[in-house]
Amino acid sequence: MTTTPHPLVTRARRLAHDLLVPHAERVDQEGVPASHVEAVKRAGLLGVVGPKDGGADAPVAVARETAEILAGACCSTWFVQTQHHTPVKLLATYDSPVREQLLRPLATGELLAGIAFAHVRAFPRVPVRAVPERGGWRFEGTVPWYTGWGLNDVMLLAGVTDTAEVVFVVAGAREQSGLSASAPMRLAALTAARTVSLELDGLWVPEESVVLRTSQEEFALVDLPRAANASPAVFGVASAALHLVARAPDGEETARSLRAWLDEVRREAYALADHPVPHACVPDRLAVKTRAYDVLRAATTAAIVAGGGRSMDLGSRAQRLAREGMFLLVQGQTAEARRTHLGSLASG
């Protein structure tokens with residue numbers, strides 16, 4: 001969608017063309033293989049936001065474009081690997097004992113990380129509680145969604161204390177004393193991403209595995225603009241759908257019109273995400289995020305229409321993109337984002 005002259009963008013496009021797109025329908029039905037994650041690693045894309053000591057320290061525009069490319073090629077593979085970047089950024093930002101141990105292996109892709117903290121957004125409900133115990137922390141509760149189970153080596157886990165402090169730790173992403181996983185969830189979209197729920201029944205993590213301790217208020221303040229920004233994956237999946245529309249009989253003009261709309265919303269979304277004041281313009285961010293969903297819905301619907309009856313086959317690329325688009329409507333959804341989106345739908 002852009003021509004950023006960066007090696008990681010070139011590698012992402014090559015990976016998408018040679019591996020991800022040709023196998024995306026099979027992966028959708030069978031699951032993301034470890035070989036796909038290894039290919040993302042070899043391309044250097046697991047370190048896109050990592051510091052120069054092990055990672056690429058790439059500009060944010062490059063991180064966005066590579067995310068668009070991967071999501072448009074195989075959204076399940078994108079979703080597994082996108083979890084990895086948050087622990088890398090957090091470890092790079094905050095000094096902690098575990099940083100020295102894990103930052104470089106994560107930035108190089110030697111280790112793959114997942115995340116287990118979206119449930120913190122449910123506060124004042126506390127799905128996972130963190131309790132200080134024996135020179136470390138004990139975690140109790142349920143992580144409703146955890147992606148990449150069986151692929152990840154470690155996870156960034158968060159719990160909330162009785163004093164409303166959020167404790168982030170790194171723990172092994174495997175069954176162990178105090179940690180068990182459900183069977184993989186069967187979902188309408190992205191079942192391939194190996195999502196489970198995690199039961200925490202006294203999982204103990206040593207103090208030296210703590211990445212960050214912060215108040216719930218501070219977490220919410222930092223999380224607000226991040227959750228209000230449109231995801232690059234939305235633009236990647238929409239663009240892939242328009243590529244199908246453009247190739248269909250009578251689809252070229254529709255694709256051209258929708259692409260102009262997509263490019264306009266994309267520019268607005270990224271301009272807001274780059275605002276120098278991180279917490280500014282949240283209503284505007286949410287409004288543009290909702291418009292991005294409108295473009296996504298139009299693009300994937302157009303791909304279904306252009307494909308005709310063939311779109312009902314589970315092996316249809318148009319159908320896969322439409323289901324992935326449905327997933328992106330609720331991925332990382334907050335209460336405020338849901339209210340804004342429903343309000344926009346109600347107003348036509």
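Summarising the local packing, CG of Asp250 is surrounded by 12 or fewer heavy atoms from other residues, nucleotides or ligands at distances under 6.0 Å. Heavy atoms from other residues, nucleotides or ligands lying under 6.0 Å from CZ of Arg186 number 12 at most. Taking a 6.0 Å sphere around CH2 of Trp261, one finds it holds more than 12 heavy atoms contributed by other residues, nucleotides or ligands.
Each of Arg338, Arg121, His341 was compared with Gln333 under the side chain to side chain donor-acceptor pair (under 3.5 Å) criterion, and only Arg338 meets it. For the side chain to side chain donor-acceptor pair (under 3.5 Å) criterion with His85, the lone passing option out of Lys89, Gln83, Gln81 is Gln81.
Taking all atoms of both residues into account, the shortest heavy-atom contact from Ala240 to Gly72 is CB-O, 3.4 Å. The heavy-atom pair separating Leu200 from Leu203 by the smallest distance is CD2-CD2, 4.0 Å. Counting all heavy atoms, side chain and backbone alike, Ala306 lies closest to Val245 at CB-CA, 4.5 Å. Residues Ile115 and Pro87 come closest through the heavy atom pair CG2-CD, 3.6 Å. A pairwise comparison of heavy atoms in Ala299 and Ala238 identifies CB-O, 3.7 Å as the closest pair. Taking each heavy atom of Ala269 and Ala230 in turn, the nearest pair found is CB-CB, 4.0 Å.
With respect to Arg266 and Glu264, no salt bridge is recorded, no charged nitrogen being found less than 4.0 Å from a carboxylate O. The pair Arg129-Glu140 does not meet the salt-bridge criterion, since no charged nitrogen lies less than 4.0 angstrom from a carboxylate oxygen. Salt-bridge check for Glu252 with Arg247: failed, with every basic side-chain N at 4.0 Å or more from each acidic carboxylate O. A salt bridge links Asp294 to Arg297: one of the charged nitrogens lies within less than 4.0 Å of a carboxylate oxygen. With salt bridges taken as basic N to acidic carboxylate O contacts below 4.0 Å, none links Glu218 and Arg213. Taking a cutoff of 4.0 Å between a charged side-chain nitrogen and a carboxylate oxygen, Glu336 and Arg339 do not qualify as a salt bridge. Using a 4.0 Å cut-off between a side-chain N of Lys or Arg and a carboxylate O of Asp or Glu, Asp223 and Arg226 qualify as a salt bridge.
A side-chain donor-acceptor contact under 3.5 Å links Thr142 and Glu199. Side-chain atoms of Thr147 and Thr195 include a donor-acceptor pair closer than 3.5 Å. With 3.5 Å as the limit, one finds no donor-acceptor pair spanning the side chains of Arg323 and Thr300. With no hydrogens or angles considered, no side-chain donor-acceptor pair links Trp204 and Glu133 at under 3.5 Å.
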- Carefully, step by step, assess Arg259 and Ser239 under the rule side chain to side chain contact (heavy atoms under 4.5 Å, CB included). CA-CA 7 Å; Arg259 190 168 293 280; Ser239 182; 3.0 Å; yes
- Candidate pair Lys41 and Glu110, rule salt bridge (Lys or Arg N to Asp or Glu O under 4.0 Å), full reasoning: CA-CA 8 Å; Lys41 170 191 169 181; Glu110 178 185 344; over 6 Å; no
- Task: Would you sort out whether Phe139 and Leu179 count as a side chain to side chain contact (heavy atoms under 4.5 Å, CB included), showing the intermediate values?
- Result: CA-CA 9 Å; Phe139 289 84; Leu179 168 61; over 6 Å; no
- Could you go through the side chain to side chain contact (heavy atoms under 4.5 Å, CB included) check for Arg317 and Glu25 one step at a time? CA-CA 7 Å; Arg317 182 157 298 173; Glu25 279 68 54; 2.8 Å; yes
- Message: As a quick check of understanding, evaluate salt bridge (Lys or Arg N to Asp or Glu O under 4.0 Å) for Glu65 and Arg13, giving each step before the final call.
- Response: CA-CA 10 Å; Glu65 187 160 10; Arg13 287 179 177 149; 2.9 Å; yes
- Item | Stepwise side chain to side chain contact (heavy atoms under 4.5 Å, CB included) test for Trp137 and Val131 | CA-CA 5 Å; Trp137 293 87; Val131 180; 5.7 Å; no
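In terms of hydrophobic clustering, with Ile, Leu, Val, Met, Phe, Trp and Tyr side chains grouped at heavy-atom distances under 4.5 Å, Leu8 and Leu106 are assigned to a common cluster. At a threshold of 4.5 Å between side-chain heavy atoms, the hydrophobic network of Ile, Leu, Val, Met, Phe, Trp and Tyr places Val210 and Val88 in two separate groups. One hydrophobic cluster holds both Val62 and Val234 under the rule that ILVMFWY side chains link at heavy-atom gaps under 4.5 Å. Placement of Val37 and Met155 in two distinct hydrophobic clusters is found when ILVMFWY residues are connected by side-chain heavy-atom separations under 4.5 Å, directly or transitively. Criterion: ILVMFWY side-chain heavy atoms under 4.5 Å apart, direct or through other members. Under it, Phe117 and Val167 are not part of a common hydrophobic cluster.
To the nearest 0.5 Å, atoms CG (Asp28) and OG (Ser316) are separated by 10.5 Å. To the nearest 0.5 Å, the span separating OG on Ser347 from CG on Leu342 amounts to 11.0 Å. Distance check, rounded to the nearest 0.5 Å: CG of Leu45 to CH2 of Trp78 gives 14.0 Å. Atom OG of Ser35 and atom CZ of Arg42 lie 8.5 Å apart (nearest 0.5 Å). Put simply, CZ on Arg14 and CG on Leu19 are 13.0 Å apart, with the number rounded to the nearest 0.5 Å. Atoms CZ and NE2, from Arg11 and His6 in turn, are 8.0 Å apart once rounded to the nearest 0.5 Å.
When atom types are taken as modelled, the side chain of Glu175 and the backbone of Ala181 share a donor-acceptor pair closer than 3.5 angstrom. Between the side chain of His275 and the backbone N or O of Ala280, no donor-acceptor pair lies under 3.5 Å. In terms of modelled atom types and a separation under 3.5 Å, the side chain of Gln319 and the main chain of Gly315 share no donor-acceptor contact. The closest donor-acceptor contact from the side chain of Ser344 to the backbone of Thr340 lies at 3.5 Å or more, if one exists at all. Between the side chain of Lys289 and the backbone N or O of Ala227, at least one donor-acceptor pair lies under 3.5 Å. In this structure, Asp153 contributes its side chain and Leu112 its backbone to a donor-acceptor pair below 3.5 Å. In this structure, the side chain of Ser257 does not engage the main chain of Thr254 through any donor-acceptor pair within 3.5 Å.
Contact of the Phe235 side chain with the Val265 side chain is registered, since non-hydrogen atoms from C-beta on lie closer than 4.5 Å. Two residues are said to be in side-chain contact when any heavy atoms from C-beta on lie closer than 4.5 Å; Pro51 and Leu103 meet this criterion. Here the side chains of Met185 and Ser197 are in contact, with some heavy-atom distance below 4.5 Å. Counting only heavy atoms from C-beta outward, the side chains of His279 and Leu221 approach each other to under 4.5 Å. Contact of the Val21 side chain with the Cys74 side chain is not registered, since no non-hydrogen atoms from C-beta on lie closer than 4.5 Å. A heavy-atom distance below 4.5 Å is found between the side chains of Pro33 and Val27. For the pair Phe168 and Leu91, the minimum side-chain heavy-atom distance is 4.5 Å or more. Counting only heavy atoms from C-beta outward, the side chains of Leu328 and Glu324 never approach each other to under 4.5 Å.
A cation-pi contact, defined as under 6.0 Å to the ring centre and within 45° of the axis, links Arg64 to Tyr270.
With ring centers used as reference points, Phe327 lies under 6.0 Å from Phe79.
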